[in-house]
Amino acid sequence: MSEHGGSRRRIVLIGIGPGDPEQVTLEAVRAMNEVGRFVVTEKHRPDGDPLAAARLALLARYVAGEPEVVVVADVERDRTPAGAAGYRQAVADWHAARARRWAAALDGYHGDVGFLVWGDPALYDSTIRVLNRVADATGARLHVVPGVSSLSALAARHRIVLHDIGEPLHVTTGRRLAEAVAQGHSAIAVLLNRSLAELDALDPTGWHVWWGANLGTGSEQLVAGDLASARPRIAAARAAARAAAGWVLDLHLLRRERDGTT
């Protein structure tokens, strides 16, 4: 989408980091205060959506005055299709439904509109793709503010460098971990884990893991060690994070030992 046409209203997508309010950047705070309306998606949960509540808390903390907030019920993605083609179609349908719902939240408002996204919008998040659709449909222009990623926060919490000297880092999802291992990658960052099943299927021999959940929040959990001994501790810590917060967002770094080191 073109970036020219500065007189058009903006859709401002603001990365807010993985959870710690102190990791919201000065650029993000400035952007929040330039926006007149915010659209906050809310997932259906019996006790409310804690992630939506956290977004509202950030607005209360950083925005002067009381911004206008439109809460939109999120669209549930169909997780039943099997195979790569079924998965891609389910995601495409989900994006389209989200775009329609978010575009409707802009009706009748002609100022800049803000969306808050966890972590960094460019790393394993679909919001940029969806908001490009909304911008095209509404005649707005999309502006993106980067945020601290959960991957950066994980490395900082464990005090590690994500990759060996001069070596590549492969970033993928839990669903494609086995594929990454089969391809011979020795440093793999794994995001979007719905369960620990992918770790269970991996031969732990020679692997070291650095894992974290709900980074930057009061329910944060961290585990590190050789994969065989760390795996049961990860399961316990993951359950503890979910029990404390009502949700769990976790990721991990796997590194294969090389010449006796990781």
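Numbering starts at 1 and runs along the sequence shown. Computed over heavy atoms, backbone and side chain alike; hydrogens, waters and symmetry mates excluded. Everything numeric here is computed off the predicted structure, so don't read it as measured data.
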Could you go through the side-chain contact (heavy atoms from CB on, under 4.5 Å) check for L251 and L215 one step at a time?
CA-CA 9 Å; L251 72 162; L215 298 176; 3.7 Å; yes
Verdict with supporting geometry, N214 and V248, side-chain contact (heavy atoms from CB on, under 4.5 Å):
CA-CA 6 Å; N214 298 8; V248 61; 3.9 Å; yes
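Under a 4.0 Å N-O distance rule, the pair R101/D74 does not qualify as a salt bridge. The residues R10 and D112 are annotated as salt-bridged, a charged nitrogen and a carboxylate oxygen being separated by less than 4.0 angstrom. Between E42 and R55 no salt bridge is recorded (no basic side-chain N to carboxylate O distance below 4.0 Å).
To the nearest 0.5 Å, the span separating CG on L58 from CD1 on I14 amounts to 10.5 Å. Note that CD1 of I16 and CG of L116 are 5.0 Å apart. Values are rounded to the nearest 0.5 Å. Interatomic distance, NE2 of H185 versus CD of Q183, reported as 4.0 Å (0.5 Å rounding). Once rounded to the nearest 0.5 Å, the distance linking CG of L254 with CD of E198 reads 11.0 Å. For the atom pair CH2 (W210) and CG (L154), the distance works out to 10.0 Å, reported to the nearest 0.5 Å.
Applying side chain to side chain contact (heavy atoms under 4.5 Å, CB included) to V134 and the options L142, V39, L106, T127 leaves one that passes, L106. Each of R242, R238, Q221 was checked for a side-chain hydrogen bond (donor to acceptor under 3.5 Å, both in side chains) with D250, and the lone residue meeting it is R238.
Contact check for R77 versus Y87: side-chain heavy atoms found under the 4.5 Å cut-off.
Cluster annotation: V117 and V113 are assigned to the same hydrophobic cluster (Ile/Leu/Val/Met/Phe/Trp/Tyr, side-chain heavy-atom contacts under 4.5 Å, transitive).
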